[in-house]
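Structure first, commentary second.
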Amino acid sequence: AQSVTQPDIHITVSEGASLELRCNYSYGATPYLFWYVQSPGQGLQLLLKYFSGDTLVQGIKGFEAEFKRSQSSFNLRKPSVHWSDAAEYFCAVGAYSGAGSYQLTFGKGTKLSVIP
Amino acid sequence: NAGVTQTPKFRVLKTGQSMTLLCAQDMNHEYMYWYRQDPGMGLRLIHYSVGEGTTAKGEVPDGYNVSRLKKQNFLLGLESAAPSQTSVYFCASTPDSLRGPYEQYFGPGTRLTVT
């Protein structure tokens with residue numbers, strides 16, 4: 001079974017500083033990887049996804065993530081954080097089960113606080 | 001396109017009461033999912049459906065039932081609510097995933113409190 005670990009529960013950065021949120025996954029086959037963002041009281045919005053090809057993927061709101069198979073990681077980065085980026089971020093891995101169903105497994109999330 | 005909608009947005013139940021949460025999607029998606037979100041736990045899959053008339057258990061199915069009578073709707077039922085079911089519930093959908101992986105599209109959530 002697949003699993004996702006987000007080692008940082010809470011990160012605080014200053015506005016304008018760079019950001020990296022860590023994500024490690026465990027899955028035996030080619031992973032389908034996602035980052036979602038959740039603002040307070042809202043649903044989840046897709047930031048970016050990786051299925052295959054170029055290991056550096058660009059997403060919305062200036063975010064990017066790099067897939068590193070050797071490290072089983074899919075870390076999310078942003079060069080300059082804005083106050084509006086304060087939210088909770090979830091990494092997820094998608095996988096097919098033996099019965100042919102498709103599911104996402106989510107990490108427990110990293111809450112980002114931004115100091116003005 | 002409304003995407004994925006959830007009804008109601010908020011609900012307070014007393015222990016032992018029953019209720020049904022409705023999820024609707026207008027994207028003609030095959031797969032639909034119900035999750036619960038609790039602080040520090042991320043999202044945990046309750047039940048899912050791979051098509052009209054089908055349902056399957058997820059990671060935390062106990063105390064919940066589901067039905068998918070129409071392709072566009074996925075209902076989550078609590079027959080006898082317990083305080084442990086206090087949570088935020090999210091519905092999600094995705095296209096026919098047998099044709100390739102897709103992201104899941106999420107509804108806005110239902111905040112349920114059981115007293």
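First the proteins, then the strands, lettered A, B, ... as listed; each starts at 1.
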Greater than 12 external heavy atoms within 6.0 Å of [X]'s [atom1]:
X       : atom1 : result
E79(B)  : CD    : no
I9(A)   : CD1   : no
K108(A) : NZ    : no

When hydrophobic residues are tied together by side-chain contacts of less than 4.5 Å, even through go-betweens, does [X] share a cluster with [Y]?
X      : Y      : answer
W34(B) : L78(B) : yes
Y89(B) : M19(B) : yes
F34(A) : L76(A) : no
V50(B) : Y33(B) : yes
L48(A) : F90(A) : no

Problem set entry | Atom group of Q6(B) that falls short of 4.5 Å from chain A, counting heavy atoms | neither

Problem set entry | L45(B), part contacting chain A, at a heavy-atom distance under 4.5 Å |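 Side chain only.
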
Going from [atom1] on [X] to [atom2] on [Y], what distance comes out if it is rounded to the nearest 0.5 angstrom?
X       : Y       : atom1 : atom2 : value
Y35(B)  : L44(A)  : OH    : CG    : 9.5 Å
F106(B) : L46(A)  : CZ    : CG    : 9.5 Å
Q103(A) : E59(B)  : CD    : CD    : 9.5 Å
F51(A)  : Y102(B) : CZ    : OH    : 8.5 Å

Exercise. Of the backbone (N, CA, C, O) and the side chain (C-beta and beyond), which part of Q38(A) lies under 4.5 Å from a heavy atom of chain B, both, or neither?
Worked result: side chain

For this session: State, yes or no, whether a side-chain contact exists between Q104(B) and Y36(A) at a heavy-atom distance under 4.5 Å.
Result: yes

For this session: Could you have a look at Q37(B), M41(B), R111(B) and say which one has the most heavy-atom pairs with chain A under 4.5 angstrom?
Result: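 Among the listed options, the one with the most contacts to chain A is Q37(B).
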
Problem set entry | Heavy-atom pair count under 4.5 Å with chain A, highest-scoring of A56(B), G109(B), A92(B), P108(B) |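 Heavy-atom pair counts peak at P108(B).
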
Exercise. Based on non-hydrogen pairs under 4.5 Å, which of K111(A), Q45(A), K49(A) is most in contact with chain B?
Worked result: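 The option with the most such pairs is K49(A).
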
